[in-house]
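Chain naming here is simple, since letters A, B, ... match the order of the sequence lines and numbering starts at 1 in each.
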There are 2 protein chains.
Amino acid sequence: MSRTWNQYIVKQENKALVLNTIIEETPISRAKVAQVTGLNKGTVSSLVSELIDNHFVTESGPGASSGGRRPVMLLFNQTAGFTIALDLGVGYIDAALTDLTGSIITKKHMKLHERQFNKVFTYIVDVINNLIEAMPKSPYGLVGIGIGVPGVVNHNGEILLAPNLNWKNIHLEHALHDVFNVPVIVENEANAAAYGEMRFGFKTPPEHMLYLSIGMGIGMGMVLDKTLYTGLNGFAGEMGHITVVKDGINCRCGNTGCFERYASEQALLEQAIKRGLVSGNEEMSVDLLIEKAQANHQEVIQLFKEIGQYIAIGITTMVNLFNPEQILIGNQLSKLSPWIKEDINYYVFRHAIGFHSKRVTVDFTSPEHLSTIKGMASFAIEKFLLSIKEVE
Amino acid sequence: MSRTWNQYIVKQENKALVLNTIIEETPISRAKVAQVTGLNKGTVSSLVSELIDNHFVTESGPGASSGGRRPVMLLFNQTAGFTIALDLGVGYIDAALTDLTGSIITKKHMKLHERQFNKVFTYIVDVINNLIEAMPKSPYGLVGIGIGVPGVVNHNGEILLAPNLNWKNIHLEHALHDVFNVPVIVENEANAAAYGEMRFGFKTPPEHMLYLSIGMGIGMGMVLDKTLYTGLNGFAGEMGHITVVKDGINCRCGNTGCFERYASEQALLEQAIKRGLVSGNEEMSVDLLIEKAQANHQEVIQLFKEIGQYIAIGITTMVNLFNPEQILIGNQLSKLSPWIKEDINYYVFRHAIGFHSKRVTVDFTSPEHLSTIKGMASFAIEKFLLSIKEVE
DNA sequence: TCAGTTTGTCCACATGTTAGACAAAGTTAA
DNA sequence: TTAACTTTGTCTAACATGTGGACAAACTGA
């Protein structure tokens with residue numbers, strides 16, 4: 001039933017504690033580790049020597065003295081293994097080879113012109129194989145593959161529905177595991193981005209953070225107590241389909257007045273066409289509208305502000321429900337930031353129940369953060385480090 | 001910084017594991033505890049003997065043999081200590097003395113005609129003193145006081161705002177601690193009810209549960225991963241103030257189109273008056289309307305269904321956001337269940353994103369559950385059992 | 001040059017879990 | 001009635017691990 005506690009667990013936990021300390025404060029001396037963790041100096045010495053044997057830690061030259069013997073600095077051996085993390089978007093694959101700190105070694109970008117799963121899958125395999133070739137020799141090699149997808153993923157790594165790819169019931173985790181035979185993690189793109197931003201986007205990571213991915217649809221990744229929350233089956237965060245306008249516009253989900261019918265890229269483009277904001281021979285896109293806004297096209301700016309108003313309503317709702325520390329807006333519509341940021345902040349400040357608004361921060365991210373990739377890499381790394389503990 | 005792991009911690013954790021096993025499966029033999037927990041028989045024996053010394057466990061007579069020596073059955077000593085839990089409502093105090101399993105020993109109910117804090121506080125103190133007198137002698141005596149309040153409570157037990165009591169910035173935890181000198185826990189009433197229902201309302205407690213308290217206002221208690229989620233400052237769950245109708249009715253919170261302006265007791269009564277559903281000399285109340293509905297008053301039933309429709313919209317939003325296993329509707333409007341339950345289930349099933357609705361269950365609770373009291377008792381008990389671990 | 005400081009290792013010791021022996025107390029079947 | 005088997009609970013020796021403190025090595029600063 002429950003897990004019992006014995007001396008082996010104690011050792012594993014302490015070893016993990018030492019390793020985490022070294023990861024977070026690398027480079028660091030044994031003495032400092034002992035001081036920070038509260039463990040005995042002798043204990044730290046013995047655990048560190050095992051970590052060195054296992055290639056997780058290396059010794060570098062002596063550090064600066066602080067009035068006594070010079071310390072031997074310990075480094076986390078970030079290249080003891082590598083992960084491959086992918087961001088599968090609509091029309092593209094972004095992929096990266098990362099080390100065990102999540103730092104990106106090599107990047108690949110590929111445009112996709114087909115959406116059929118079988119085709120896309122071979123591209124995915126190709127990209128991964130490419131990155132494996134670029135991978136330096138290391139003690140542990142490839143320790144995991146993480147892939148973020150724009151759709152609903154259950155706890156078994158199965159994609160139940162990815163509307164913009166027109167995929168249904170695809171067991172991607174299985175399929176990739178069969179090919180590469182390493183742990184594979186499949187997660188919703190917004191969830192991964194949320195986790196990635198929490199881990200890498202702040203000096204001190206926020207405890208409770210919501211990441212709104214506002215693209216063609218709207219998804220939300222929730223990091224509560226520094227942990228990704230995904231609900232009973234993994235479907236939590238379907239923010240695009242909360243009702244903001246009773247008896248509002250029909251949504252393909254079968255409901256009416258859904259948030260994403262008012263505040264998404266899709267809503268933006270629909271309105272732009274309806275209002276004739278583009279001439280006949282232009283191809284409609286967010287970037288095109290942004291160009292016009294930059295050229296001070298008042299009607300476009302007005303449209304941006306209207307969409308921003310709806311986004312602000314959604315954010316206010318989230319603040320009232322979750323009392324979060326941080327909200328991040330990502331994906332395509334984060335580009336509207338210059339025209340809507342101030343309005344949103346003002347709206348939330350005025351309309352969220354008083355106390356919250358004093359602490360919550362609303363920011364915009366940019367695609368260059370590679371939040372999804374970094375999040376997926378984090379998942380893979382954490383799974384690897386946990387698996388180590390369980391085996392030894 | 002982090003907590004280190006040594007043999008003392010191991011012992012504490014194992015002791016807690018043994019105690020929890022005994023609590024959950026009382027009566028149980030030492031041998032069975034060893035089998036269930038995976039601990040060695042000898043370890044269990046030694047830990048149990050300490051638990052007996054500390055009065056947490058008692059031995060009862062021999063149990064039935066299963067083909068060998070008859071086991072000595074161990075019982076959780078539920079009366080080793082007691083808690084007092086209160087539900088402070090608008091116009092009443094409900095209070096109970098409970099044992100360490102949360103079972104109610106004695107109940108008190110008191111109507112309040114005043115709302116001024118000083119007055120109410122003396123009543124609270126009186127009720128607690130009454131219950132203390134009714135408390136049997138026990139090794140640990142009163143181990144904690146828990147009090148659920150209809151307002152916004154921060155992590156320090158301070159009531160920042162209780163609109164229906166007209167209280168602001170009241171440090172209730174401090175005040176009670178000063179009088180009784182035992183641990184005091186103050187929590188929002190919906191949060192407590194959520195926890196109480198999770199702990200005591202099901203055969204197997206749901207992992208992810210939302211409790212909607214629909215009274216004059218609407219609050220939500222969230223139990224995620226069997227833990228109460230309260231957000232950064234403790235203000236999470238302000239569901240009454242999420243926007244469901246863009247540019248809708250003004251709310252006292254400063255926002256417009258808030259959920260509680262359409263789906264609460266307040267909204268119900270307002271509409272009933274507006275539609276002239278009561279004669280001049282009747283005093284308006286939910287119970288009065290229910291009587292009329294029971295007498296088949298069609299307009300009242302129609303009004304109930306309209307309110308139910310809004311409740312369904314709110315629930316659908318919650319299902320889409322949280323992917324919960326269970327939703328419970330409590331407080332005054334749960335009484336409308338006979339007229340709205342089916343409609344709500346149907347609406348949620350039709351409008352929540354497909355996959356969720358297949359698993360989520362929406363139920364109504366009744367005040368007789370004493371959910372808030374039981375939740376507050378749980379908090380107090382858990383705090384007590386934790387404090388034991390830390391000291392020894 | 002020497003006293004003081006810091007780092008890291010080593011060893012005896014305390015603590016707690018485990019495995020297994022064992023006795024007590026019961027059941028079952030001939 | 002008896003003998004073989006089962007179950008329970010205690011006890012002991014063996015083992016693993018963390019702790020505290022001694023100690024040597026390496027360095028600083030006056």
_Using OP1 and OP2 only, check whether a side-chain N or O of B:Asn14 sits under 4.0 Å from C:dT17._
yes

*Do A:Asn77 and A:Val57 come within less than 4.5 Å of each other through their side chains, counting heavy atoms only?*
no

*On DNA chain C, check which nucleotide each of A:Gly68 and B:Leu47 is closest to and give me the residue with the more 5' one.*
A:Gly68

*Select base, sugar-phosphate, or nothing to describe what B:Val72 touches, counting heavy atoms under 4.0 Å on all strands.*
sugar-phosphate

*For atom CD of B:Gln35 and atom P of C:dT18, their distance in whole Å*: 15 Å

_4.5 Å side-chain heavy-atom contact, A:Met376 and A:Ile185_ = yes

*Any side-chain heavy atom of A:Leu39 within less than 4.5 Å of one from A:Val33?*
no

*Can you check whether B:Thr101 reaches B:Ile23 side chain to side chain, under 4.5 Å on heavy atoms?*
no

*Which residue lies more 5' along DNA chain D, comparing B:Met73 with A:Leu39 via nearest heavy atoms*: B:Met73

*asked:* Can you build the contact string for nucleotides 10-15 of chain D? Use B for base contact, S for sugar-phosphate-only contact, and - for no protein heavy atom under 4.0 Å.
replied: BB----

*Check the distance between C:dG4's P and A:Arg70's CZ and give it to me in whole angstrom.*
24 Å

*Please give, in whole Å, the distance from D:dG18 P to A:Leu17 CG?*
11 Å

*asked:* Please report the distance, rounded to the nearest Å, between CD1 in B:Ile9 and P in D:dA16.
replied: 22 Å

*How about B:Arg30 and B:Glu59: do any of their side-chain heavy atoms sit closer than 4.5 Å?*
yes

*What's the closest nucleotide to the B:Ser65 side chain, out of C:dG26, D:dG9, C:dT7?*
C:dG26

*Quick one: list whatever passes side-chain hydrogen bond (donor to acceptor under 3.5 Å, both in side chains) with B:Thr98, sequence neighbours left out.*
B:Thr83

*Listed nucleotide nearest any side-chain atom of B:Val10, set C:dG16, D:dG18, C:dG26*: C:dG16

*Indicate, with yes or no, if the rings of A:Phe384 and A:Tyr140 have centres closer together than 6.0 Å.*
yes

*D:dT19 C1' sits how many Å from A:Lys11 NZ, rounded?*
16 Å

